[in-house]
4 protein chains.
Amino acid sequence: MATEAGAATRRRAGRQRDHSRDAVILEATLAVLAEHGYDRMTIDLVAARAGMARATVYRRWPTKAELVLDAVGRLSSTDVGEIDAAQLPDTGTLREDMIAMIRPFDDEQQQIRIQAVIGLLVLARTDDRLAQAALGAGIGPWIDINRALMQRAVDRGEFAPPADLETLAELIPMMCVSRAVQQLPITYEFSVALIDGVIIPALRGTT
Amino acid sequence: MATEAGAATRRRAGRQRDHSRDAVILEATLAVLAEHGYDRMTIDLVAARAGMARATVYRRWPTKAELVLDAVGRLSSTDVGEIDAAQLPDTGTLREDMIAMIRPFDDEQQQIRIQAVIGLLVLARTDDRLAQAALGAGIGPWIDINRALMQRAVDRGEFAPPADLETLAELIPMMCVSRAVQQLPITYEFSVALIDGVIIPALRGTT
Amino acid sequence: MATEAGAATRRRAGRQRDHSRDAVILEATLAVLAEHGYDRMTIDLVAARAGMARATVYRRWPTKAELVLDAVGRLSSTDVGEIDAAQLPDTGTLREDMIAMIRPFDDEQQQIRIQAVIGLLVLARTDDRLAQAALGAGIGPWIDINRALMQRAVDRGEFAPPADLETLAELIPMMCVSRAVQQLPITYEFSVALIDGVIIPALRGTT
Amino acid sequence: MATEAGAATRRRAGRQRDHSRDAVILEATLAVLAEHGYDRMTIDLVAARAGMARATVYRRWPTKAELVLDAVGRLSSTDVGEIDAAQLPDTGTLREDMIAMIRPFDDEQQQIRIQAVIGLLVLARTDDRLAQAALGAGIGPWIDINRALMQRAVDRGEFAPPADLETLAELIPMMCVSRAVQQLPITYEFSVALIDGVIIPALRGTT
DNA sequence: CGATAAACGAGACGGTACGTCGCGTCTTCTG
DNA sequence: CAGAAGACGCGACGTACCGTCTCGTTTATCG
């Protein structure tokens, strides 16, 4: 019956939490994070920017760390999430595939993301769970895509299976982190240079 | 005047600062850093572990960040500092040179160093000066050595000059950071695999 | 229009407020008040004890203070309210009249009432209106009765009119408050002693 | 030996707590208390008025309640403390003794004291220890003096020993509390009326 | 050798952010 | 509409750490 079916799915009683506010808070979090850095970011600042009370933030995330974690995670899924699985670019060669994937990461938001990751890394020891999550949230999807593209290239015989494909998948993102830390811009050219100068030779060199 | 005479050389009156304590503090700093992570590291904790008063720490380093920076820096110069310039290993091939350099970094202290770097990165936005310094203190010498070894290999004609030697010099350290963040061990094998699977192919591939 | 017809008398549309719940809430209020004291009494606690939602309480009383005020007021009128005016005990002598009036106050609930008054007094500064009301609700009727009994005794010539009858009327209740604050029991004997040892001599002494 | 004698009494190491600040804070506490009442009094407000940081207040008193308690206690000892024991007025008659004692209480500060007591009473249930302390701090000395004066009058045969001297000692203070709650002024005349109209008759009436 | 000036230990102090809790209001759903 | 459940804005609470300051004690150097 419809009533029973609804009963199972029935929303909890009481005023519904306005989940549209989640996004506003996360957005504010990223903004403040980008502007002040992790340790100068304040829940008060975030709440003020989101135009709501501090308690409203705390009702959703128990600590500053979890909030930032989610904010960065959301950031990733926003522009990457939909590019999953089958609909990856398929140009026939790994080089073209990877270059096709650079665009969405070659922008200003990329900087924010990496800054956020860096901000979270400080908590690695504080909360073990956060260590991986920070990486995962910030550059996880990026790594995932690289891994998928390379695996496909291997599968179709473009390259022999490398000893450590995982490390190669992490290579570009990590080198971008390196540049971010040094306040250097992350350019299209830099990424292409990595593909042509490191990734492809490494895969070819395994032969 | 008598007072001016020898003013340059004469030590200031009063009790002399005991510089042997500097090392004790830095050691304590690294220990606490490794144990609790940057944000849970407290000056109080460090002072207690070093067996002295908080003020004694602050007399030497103005802020927590500078303290950690120095601690990590000291860590680097301890086992790397003296290996500068001419006395680098010279086996004739880049591969053997680099492998010879792995040892001093292939230990538990390496983990501490990287954790410290990570801890400091959070301050990149707070204090621009610290951003580079953090990297420099933690993995700077490591990068320097790699750069030197590669440059020498290029100079003696072992490889053609790569487009971006700097990035290649940073490659191993950064990939080690990546593993550290993921709580994975940094093994000898991992480093060798990077040399054989990525660095050498990349240099050869440029040809 | 039909809608307008009888608008004055017609009850408002929709579900009617269940006024039997008022009493339940007030009862719960007194219970929590007695158990935890005013400042640890929570509207949540009261609502939970009454078995209803917080909003249901707030629909009836705008603030915590008003709620307690009413609860204490209700308490008074419950056992005193109907004893008004003409039906006061009339034994012929003030002493016997007052002793006859002691009973209804000589119980455990009396303690609750006084505790509640005490709890409310803290709000005297916050809300001037509440200052008097708190006293009135808690011990007002008690004072009223004493005043009436004494006035009658004066009227029938038992005593000469005292300089400050009002103060004498407040005397017993206030001394009971004093004992309550000191966690001492308010006994029958104590009240009789006040009548014989203070009230009567004071009235006689005026002569 | 002087050194050892000093060792026992030696002040704790470290910067000495500036106890002159205690008084400033207590003063500020009383001022804010008188101005806003207990529940609207804020530690922040007190600290601001005292011209120091919130932490400085919390270093001395763990909670708001303890702070107010001490503030009121200090108030009592300030103007009453020194009037102890032997140096009570001794005019030969209880009436004159008590009237001589009215002065120090017949002022504006008396109002503050009573307001503070009232403010604290709300915590009686929260912290049993505070219940008595509140009374003691606010009007304890006042009661003590009354008790002493009456006892002396009894001792010299001015009156026969009353059944409950304690209650008589509390009588004037409690009736003043009553007036304070009702926002009535506590005048010299009121106190004298109590002495002549209630206390003296009550003592005489016991005969 | 005694004066003196700085190091040192201990901890107070001014700040500032944290995360919690309660009030009284508002929203949403169910009866 | 009443009532339940609970989100929300507000603001105080008490805690923790930072970096500075104060003050009594210790120790090296200078006169």
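Because the structure is a prediction, the values reported are computed rather than measured. In the text below, chain A, chain B and the rest are named by the order of the sequence lines, each starting its count at 1.
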Quick one: label A:Arg59 by what it contacts on the DNA or RNA (base, sugar-phosphate, nothing), any heavy atom closer than 4.0 Å.
base
Could you tell me whether the side chain of A:Arg54 has a donor or acceptor atom within less than 3.5 Å of a complementary atom in the base of F:dG11?
no
Quick test of your reading of the model: are D:Arg49 and D:Glu35 salt-bridged, counting only N-O distances below 4.0 Å?
yes
Are A:Arg21 and E:dT27 close enough that a side-chain N or O sits under 4.0 Å from OP1 or OP2?
no
Provide, to the nearest angstrom, the distance between the CD1 atom belonging to A:Ile25 and the C1' atom belonging to F:dC8.
11 Å
Can we say A:Arg21 and A:Glu27 salt-bridge, meaning some charged N sits less than 4.0 Å from an Asp/Glu carboxylate O?
no
Rounded to whole Å, CG of D:Asp39 lies from C1' of F:dC13 at a distance of 14 Å
Tell me: CZ of A:Arg17 to P of F:dA7, nearest whole Å?
5 Å
When B:Pro62 and D:Tyr58 are each assigned the nearest nucleotide of DNA chain F, the 5'-most assignment goes to D:Tyr58
Quick one: CZ on A:Arg60 to CG on A:Asp70, what's the gap to the nearest 0.5 Å?
12.0 Å
C:Thr56 side-chain N/O to F:dA4 phosphate OP1/OP2 under 4.0 Å:
yes
Out of F:dG3, F:dC10, E:dC26, which nucleotide sits closest to the side chain of A:Ala55?
F:dC10
OP1 or OP2 of F:dG3 versus the side-chain N and O atoms of C:Arg60: is any pair under 4.0 Å?
yes
Quickly work out the A:Asp44 CG to E:dG15 P distance and round it to whole Å.
18 Å
How long is the line joining CZ of A:Arg40 and P of E:dC18, in whole Å?
14 Å
Counting side-chain heavy atoms from C-beta on, which of E:dC18, F:dG6, E:dG15 comes nearest to A:Arg15?
F:dG6
Candidates E:dG14, F:dC13, F:dC18 - which lies nearest the side chain of D:Ala53
E:dG14
In Å, rounded to the nearest 0.5 Å, how long is the span from CG of B:Asp22 to CG of B:Leu67?
10.5 Å
Rounded to the nearest Å, what distance is computed from the CG atom of residue C:Asp18 to the P atom of nucleotide F:dC1?
18 Å
What is the distance from OH of C:Tyr38 to P of E:dG22, rounded to the nearest Å?
14 Å
Test item: side-chain donor near acceptor, D:Asp18 and D:Ser20, under 3.5 Å:
yes
What nucleotide among F:dG14, E:dC18, E:dA7 has an atom nearest to a side-chain atom of A:Ile43?
E:dC18
Atom CE of C:Met41 and atom P of E:dC23: how far apart are they, to the nearest Å?
8 Å
